[in-house]
Amino acid sequence: MKLTLTTTKNSAWLTGAAGRVLGASYIGLQPADSAAGWPRQSIIAPLLGCTSECVQEIWQLEGDCHAGEIDGIAYRRAGGLLFGVIELDEADFASAAAPLAAATEEAYRRIFRLMEREGLPHLWRVWNYLAEINRESDGLERYRHFNIGRQEAFLACHHEASGNVPAACAIGLAGGPLSIAFMAGDQPAVPIENPRQISAYNYPATYGPRSPTFSRAALAYLPGQEILFVSGTASIVGHQTVHPDDASGQCAESLANIAAVVEQANRASRGQPYALENLSYRVYVRHAADFPAIRDVLAGRLGAAAEVVYLQADICRADLLVEIEAMASQSLGNC
Ligand code: 3EB
């Protein structure tokens with residue numbers, strides 16, 4: 001049961017293999033025939049440096065998937081692997097004291113309930129998108145409201161909120177619903193931290209009343225396969241933002257952080273070491289004007305052939321100009 005991530009600007013070739021798609025994310029302009037038969041996270045944001053209007057990242061399997069929908073979660077399952085997407089409209093939580101926190105808590109509670117029902121208790125990777133992440137509401141930045149709801153759900157559903165937590169990203173878009181995609185499995189993932197950074201779940205309270213619930217990376221396992229998920233990684237050393245107002249400097253620092261995380265992952269890996277040049281990247285750029293400078297730093301470090309998708313989006317601290325996430329996978333021998 002090998003899982004592969006295919007990045008494509010042309011979905012036509014996929015129609016014959018629809019039964020073997022676990023799920024997908026579509027970045028950019030959404031295709032008109034948007035009723036994909038598989039769970040799909042729509043990331044409506046401008047693509048940068050790309051002539052296509054939409055990039056599709058598709059998780060494919062060698063075997064068939066079982067499809068389902070429950071509690072507003074579109075999901076697919078194959079063996080001990082589950083991928084799902086939930087979108088919630090904050091307007092439906094308008095009566096709550098803090099609607100975004102309430103919507104976030106509800107989304108995560110539903111995800112944990114589905115995982116329990118499916119007997120797949122290990123959350124590996126979560127992709128979080130919300131509108132206007134840096135805007136203040138009720139005296140608190142919206143990202144901080146999100147963190148309150150997320151941590152509350154982890155605790156309420158008896159999932160650890162520190163240590164053994166999933167890899168993740170939390171990104172701001174111009175509008176749209178709260179959108180959360182997740183991958184979960186029957187095997188625990190191995191969480192990886194970065195010695196250059198304080199673990200996010202231990203950030204001091206100056207960054208919000210509840211800490212973010214994510215690990216810097218995770219190694220996840222399917223039969224005969226290891227998957228490396230590197231969380232959204234930014235220009236943070238210790239717990240502080242470094243290189244304010246310097247997109248190139250932030251990009252280089254983010255890459256240094258990813259290099260440190262990959263080095264830690266390589267110590268825990270059951271296979272061959274991962275190399276920075278061979279990962280697949282998604283890069284969030286706050287200001288489109290910074291894109292050429294950021295691309296040059298990445299090309300210098302990774303080579304021009306590296307697989308990188310760039311999009312314009314907001315990062316969860318107002319002083320962060322870029323955030324980079326990555327993934328890779330490898331076959332393992334019989335062990
Ligand atoms: C950071 O390191 C930058 O809240 O899930 C990166 C990845 C960030 C995930 C999250 C936040 C999250 O704090 C922001």
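Atoms within a ligand are numbered from 1 in the order they appear, just like the ligands themselves. Note that the coordinates shown come from a computational prediction; the quantities given were computed from them, not determined experimentally. FYI, side chains are in, hydrogens and waters are out, and symmetry mates aren't considered; it's all heavy atoms of this structure.
A cation-pi contact links Arg270 to Tyr221, judged by a cut-off of 6.0 Å to the six-membered ring centre and 45° from its axis.
Pairs engaging residues 160-219 under the ring pair (Phe, Tyr, Trp, His ring centres under 6.0 Å) rule: Tyr203-Tyr207, Tyr207-His239 [sequence neighbours left out].
Ion pairing between a basic and an acidic side chain is recognised when a charged N comes within 4.0 Å of a carboxylate O; Glu62 and Lys2 show no such pairing.
Annotation: ligand 1 has protein neighbours Tyr143, Arg150, Ala168, Cys169, Ala170, Tyr203, Pro212, Phe214, Arg216, Gly232, Ile236, Cys316, Glu323, each with a heavy atom less than 4.0 angstrom from the ligand.
The salt bridge (charged side-chain N to carboxylate O under 4.0 Å, His left out) search around Arg317 returns none, not counting sequence neighbours.
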Compile the donor-acceptor pairs under 3.5 Å between side chains in residues 299-307 and protein atoms, sequence neighbours left out, one pair per line.
unit_1 : atom_1 : unit_2 : atom_2 : d
Glu307 : OE2    : Thr7   : OG1    : 3.4
Glu307 : OE2    : Ser280 : OG     : 3.3

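To the nearest 0.5 Å, atom CD1 of residue Ile43 and atom CG of residue Leu311 are 7.0 Å apart.
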